[in-house]
Amino acid sequence: MTTTPKSMDAIMALCKRRGFVYQASEIYGGINGFWDYGPLGAQLKKNLRDAWWQDMIMNPAWGRKGPNGERVRCVPLETCIIQHPKVWAASGHVGGFNDPMVDCRETKMRYRADHLRLVHATNERKSGRFFAFIENDPDTLESALKKLGKYVRRDMGQGDTEILEFSALDMEEELPRVVGPHAKEAGTLTPPRQFNLMFHSYTGATAGEDDKVYLRPETAQGIFVQFKNVVDTTRVKIPFGIGNTGRSFRNEVTPRNFTFRSREFEQAELEFFCHPDESQDWYRFWRDFRMEWWKSIGLAGENLILREHDKDELSHYSVGTSDVEYRFPFTAPGFGELEGIAHRGCFDLTQHQQHSNAKLDYFDTTRGETLPNGGKKGERYIPHCIEPAAGLDRGALALLCEAYTRDDSRPSPEFLKLNPRVAPIKAAVFPLVDKDGMPEIAERLTDELFARFGRGGFIESDAKQSIGKRYARMDEAGCPFCFTIDGETLKDQSVTCRDRDSGTQQRIALDQVKVFLGEKLGM
RNA sequence: GCGGGUGUAGCUCAGUGGUAGAGCGUCUCGUUGCCAACGAGAAGGCCGAGGGUUCAAGUCCCUUCACCCGCUCCA
């Protein structure tokens, strides 16, 4: 078997050709950072989402016991894309995503405005030049002092210079007199510009600035905000998880790499709440299960890795974070993030408790001293949270990249080895020839398979053109099995079952097709 | 945001300032009957968009949009 390296161009061409992914608004020239799913892509992604929903919420971790020795319990939730603006202040997104940036037109450098400082000669603020440097950066400071000395034609000593913050500048009067940290000329810095990574809109028909709202940059915050309601209304007990899938929006500076970094994308997030003492165990439990899960739906192999973050990579509140990463053709030999499993401590609930003044702690009646009557005194605490947060679009893309195979020794060199569980086409039924009673049998079998498996994907049926061409078409669409009604079927009620990955054929009884397929699809 | 590259049929791509092309795919008819078969035919394009130069622009110039690659940035 001869194989050639996977080309992203070839994968993208197949995605378009077979209706997996289209460019959004393509007939208008497309729009940067947005992609639509065609019929097969939409079903592929739905199967991925359903698999996540099934294995993370309805039957978490395939029914296995958690580190506490009990069945893992999770409940679903569906929260709004638009939340109260204070949610994003509490989460840190409004502050963190809003660093004003300053560009230098001369050197093409970009600086964070709050990192810039200015030095100028004492008593010359009204007319003299300012020389910018970067906070805590000796090189640009030295350079700025040197340029200032040259400018005023004398050496600068103690007391001869004054330093001020960039934000203290009068942008109209004084900015034109500023020389950038790496620039030679004055006036090449732009005013600070907001790089707003959150999309915003306005509520109400006569909306003004006061009605500004944000499209969520992650689904997680909706869960934290409803944590108390779920606890109060559903009889869940710590430890338990809340799962949520849905669209999120980030105004990426550079959308890139097909659907990998899109401005509108879909997340599948679980927030698993537990006692602080058990949080490390649960963190390891979810980290390991998530890795196993991705393998189970077709990403097995050396293209998938689990990467534990280094200490200096961690957010200030995080005790531990791992990424499940996939080696995409465009990241190879490196990897791109599919999912992050973060130990978020009690950061989010604490933040929302402070900002909202709502009590978000939990009274745990299974803890504390044992009372004379045999019960427990109880313990009040803010739960810690483990967050497995997956990108469904990235997942779908990884599935497509992993499945894409080119084997020039096959009659149909390009095909998708999609795992049957996520494949958008579950099976195809072909009459070998479009006559002699075969179409009728094929139609009956198609109807049966539709009734049994149609909720998970398409059952294709096609009588046109040569059988080889029909197989090839199914190979490209990632359909795992084709059943062909032929002359023998008429005699002994058996059909040809053709396997996509190997191209091999076996005969099975017509009335056993459903059983066979049910086993293979896990349905 | 910067630099480089690419935009022509569903896909892959030719196309020298002078009538819009090929292969594959799609559809129809016929033949064949287990791996992109054969024959005949058909549909499908304002050459990414907008300006300009020219008697004449897919081709030259400008602008813009999208995608790819490399920087930069990145919760």
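Residue numbers start from 1 in every chain, and the chains themselves are labelled A, B, ... in the order their sequence lines are given, proteins ahead of strands.
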**Q** Take the protein atom CZ of A:Arg406 and the nucleotide atom P of B:A36, then report the distance between them rounded to whole Å.
**A**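 That distance rounds to 15 Å.
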**Q** Can you name the one residue among A:Tyr283, A:Phe289, A:Trp282 that meets ring-ring contact (aromatic ring centres under 6.0 Å, His included) with A:Phe272?
**A**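 Between A:Phe272 and the candidates, ring-ring contact (aromatic ring centres under 6.0 Å, His included) is satisfied uniquely by A:Trp282.
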**Q** Who is the Watson-Crick or G-U wobble partner of B:C29, with both distances under 3.5 Å?
**A**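 Result: B:G39.
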**Q** With P as the reference atom in both, quote the distance from B:C24 to B:G18 in angstrom, rounded to an integer.
**A**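 Each nucleotide's P atom is 28 Å from the other's.
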**Q** Would you call A:Glu414 and A:Arg18 a salt bridge, using N to O less than 4.0 angstrom?
**A**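 Salt bridge: no.
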**Q** Quick check on B:C67: is either OP1 or OP2 less than 4.0 Å from any side-chain nitrogen or oxygen of A:Asn32?
**A**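 Checking A:Asn32 against B:C67: at least one side-chain N or O falls below 4.0 Å of OP1 or OP2.
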**Q** Given atom CD of A:Glu414 and atom C1' of B:C11, what is their separation to the nearest angstrom?
**A**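 Distance, rounded to whole Å: 10 Å.
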**Q** B:C69, OP1 or OP2 - any side-chain N/O from A:Asn257 closer than 4.0 Å?
**A**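 Checking B:C69 against A:Asn257, a side-chain N or O does come within under 4.0 Å of OP1 or OP2.
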**Q** Both distances under 3.5 Å, Watson-Crick or G-U wobble: report the partner of B:G23, or none.
**A**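 Base-paired to B:C11.
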**Q** Using the closest heavy atom to pick a nucleotide of RNA chain B for each, name whichever of A:Glu252 or A:Val433 lands nearer the 5' end.
**A**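 Its nearest nucleotide being more 5', the pick is A:Val433.
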**Q** Mind telling me whether A:His384 and A:His343 have parallel, tilted or perpendicular rings, with 30° and 60° as the class edges?
**A**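 Perpendicular, since the angle between the ring planes exceeds 60°.
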**Q** On a plain distance test, is the side chain of A:Arg256 in donor-acceptor contact with the base of B:G70 below 3.5 Å?
**A**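 Pair found.
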**Q** Rounded to the nearest angstrom, tell me the gap between atom CD in A:Glu476 and atom P in B:C24.
**A**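 The answer, rounded to whole Å, is 15 Å.
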**Q** Taking NZ from A:Lys16 and P from B:C68, how many angstroms apart are they, rounded to a whole number?
**A**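 It works out to 14 Å between those atoms.
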**Q** When you measure from the side chain of A:Phe258, which nucleotide among B:C68, B:C35, B:A36 comes out closest?
**A**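 Selected nucleotide (nearest to the side chain): B:C68.
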**Q** Could you check whether A:Arg498 pairs with A:Asp475 (Lys NZ or Arg NE/NH1/NH2 to Asp/Glu carboxylate O, under 4.0 Å)?
**A**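 Looking at A:Asp475 together with A:Arg498, the answer is yes, because their closest N to O distance falls below 4.0 Å.
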**Q** Please report the distance separating the P of B:G10 from the corresponding atom of B:G48, rounded so that it comes out in whole Å.
**A**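 Their P atoms lie roughly 13 Å apart.
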**Q** Which whole number of Å gives the distance between the C1' atom of B:C60 and that of B:G17?
**A**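 Those two atoms are separated by 8 Å.
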**Q** Have a look at A:Gly33 and say if it touches a base, only the backbone sugar-phosphate, or nothing, with a 4.0 Å heavy-atom cut-off.
**A**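 Sugar-phosphate: the residue A:Gly33, judged by heavy atoms under 4.0 Å, touches backbone atoms but no base.
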**Q** For the C1' atoms, the ones on B:A20 and on B:A57, what distance do you get once it is rounded to whole angstrom?
**A**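 Between the two C1' atoms, the distance is 13 Å.
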**Q** Quick check: closest heavy atoms across A:Phe265 and A:Pro217, and the distance to 0.1 Å?
**A**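 Smallest heavy-atom distance, with atoms named: CZ-O, 4.0 Å.
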**Q** Expressed as a whole number of angstroms, how long is the span from A:Arg17:CZ to B:A9:P?
**A**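 In whole Å, B:A9 P and A:Arg17 CZ are 15 Å from each other.
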**Q** Would you measure the distance from the P atom in B:C69 across to the matching atom in B:A42 and give it in whole Å?
**A**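 The answer is 41 Å between these two P atoms.
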**Q** Check every strand shown and say whether A:Tyr28 touches a base, only sugar-phosphate, or nothing at a heavy-atom separation below 4.0 Å.
**A**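 No contact.
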**Q** For the pair made of CD1 in A:Ile27 and P in B:G45, what is the distance, rounded to whole Å?
**A**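 Going from CD1 in A:Ile27 over to P in B:G45 covers 13 Å.
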**Q** Considering only atom C1', compute the distance from B:C35 to B:U6 and round it to an integer number of Å.
**A**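 Roughly 36 Å separates the two C1' atoms.
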**Q** Starting the side chain at C-beta, find the nucleotide from B:C74, B:C68, B:A37 nearest to A:Ser466.
**A**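 Nucleotide nearest to A:Ser466's side chain: B:A37.
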**Q** Could A:Glu460 and A:Arg470 be called an ion pair, given the rule that one side-chain N must be under 4.0 Å from one carboxylate O?
**A**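 Salt bridge flag = no for A:Arg470 with A:Glu460.
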**Q** Closer to the 5' end of RNA chain B via nearest nucleotide, is it A:Gly30 or A:Met8?
**A**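 That would be A:Gly30.
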**Q** Under a plain distance cut-off of 3.5 Å, with no hydrogens placed, do A:Thr219 and A:Glu269 share a side-chain donor-acceptor pair?
**A**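 Side-chain D/A pair, A:Glu269 to A:Thr219: present.
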**Q** For residues A:Ala90 and A:Gln351, report the shortest heavy-atom separation together with the two atoms involved.
**A**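 Shortest heavy-atom separation between A:Ala90 and A:Gln351 comes out as O-NE2, 2.8 Å.
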**Q** Counting only Watson-Crick or G-U wobble pairs whose two distances fall under 3.5 Å, which nucleotide matches B:U16?
**A**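 Paired with B:U16, as far as the under-3.5 Å criterion goes, is no nucleotide at all.
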**Q** Measure CD1/A:Ile467 against P/B:A36 and give the value in whole Å, please.
**A**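 Checked: the CD1 to P distance equals 11 Å.
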**Q** With a 4.0 Å heavy-atom cut-off, tell me which residues in residues 501-517 of chain A come close to RNA chain B, sorted by residue number.
**A**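 Only A:Gly503, A:Gln505 qualify.
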**Q** Between B:C68, B:A36, B:U12, which nucleotide gets closest to the side-chain atoms of A:Ala472?
**A**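 Selected nucleotide (nearest to the side chain): B:A36.
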**Q** N/O contacts under 3.5 Å, protein versus nucleotides 27-32 of chain B?
**A**
unit_1 : atom_1 : unit_2   : atom_2 : d
B:U28  : OP1    : A:Lys464 : NZ     : 3.1

**Q** A:Ser7 and A:Asp9: side-chain donor and acceptor closer than 3.5 Å?
**A**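 Not at all, the side chains of A:Ser7 and A:Asp9 share no donor-acceptor pair under 3.5 Å.
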**Q** Just name whichever nucleotide pairs with B:C71, Watson-Crick or G-U, keeping both distances under 3.5 Å, else none.
**A**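 Pairing partner, where one exists within any strand: B:G1.
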**Q** Taking atom C1' of B:G10 as reference, at what distance in whole Å does atom OH of A:Tyr22 sit?
**A**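 Rounded to whole Å, this separation is 10 Å.
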**Q** If only side-chain N and O atoms of A:Lys469 are considered, is one of them under 4.0 Å from the OP1 or OP2 phosphate oxygen of B:C35?
**A**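 Result: no.
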**Q** Could you give the distance separating B:U28 and B:A22 at their C1' atoms, to the nearest angstrom?
**A**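 To the nearest whole Å, 22 Å.
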**Q** Compute whether any side-chain donor of one residue and acceptor of the other, for A:Arg287 and A:Ser322, lie under 3.5 angstrom apart.
**A**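 No donor-acceptor contact under 3.5 Å links the two side chains.
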**Q** For residues 20-40 of chain A, please give each side-chain donor-acceptor pair under 3.5 Å, one per line with the distance, not counting sequence neighbours.
**A**
unit_1  : atom_1 : unit_2   : atom_2 : d
A:Trp35 : NE1    : A:Phe258 : O      : 3.1
A:Tyr37 : OH     : A:Asp393 : OD1    : 2.7

**Q** Could one point to a donor on the side chain of A:Arg470 or the base of B:C35 with an acceptor on the other under 3.5 Å away?
**A**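 Between B:C35 and A:Arg470, which were checked side chain against base, a qualifying N/O pair under 3.5 Å is absent.
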**Q** When the ring planes of A:Phe328 and A:Phe330 are compared, do they come out parallel, tilted or perpendicular, using 30° and 60° as the limits?
**A**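 Parallel.
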**Q** Under a 3.5 Å cut-off for both distances, is B:U59 Watson-Crick or wobble paired, and to whom?
**A**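 Across all strands, not a single nucleotide pairs with B:U59.
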**Q** In whole Å, measure the gap between the C1' atoms of B:G50 and B:G70 for me.
**A**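 Pairwise C1' distance, B:G50 against B:G70, rounds to 29 Å.
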**Q** Using a 4.0 Å heavy-atom cut-off, does A:Phe330 contact any base of the nucleic acid, only the sugar-phosphate backbone, or nothing at all?
**A**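 Answer is sugar-phosphate: A:Phe330 comes under 4.0 Å of backbone atoms only.
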**Q** Is it the case that the side chain of A:Asn244 and the backbone of A:Leu77 share a donor-acceptor pair, with hydrogens and angles ignored and the cut-off at 3.5 Å?
**A**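 The answer is yes, because a donor-acceptor pair under 3.5 Å joins these two groups.
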**Q** Name the pairing partner of B:A66, where a pair is Watson-Crick or G-U wobble with both distances under 3.5 Å, or state none.
**A**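 B:A66 is paired, partner B:U6.
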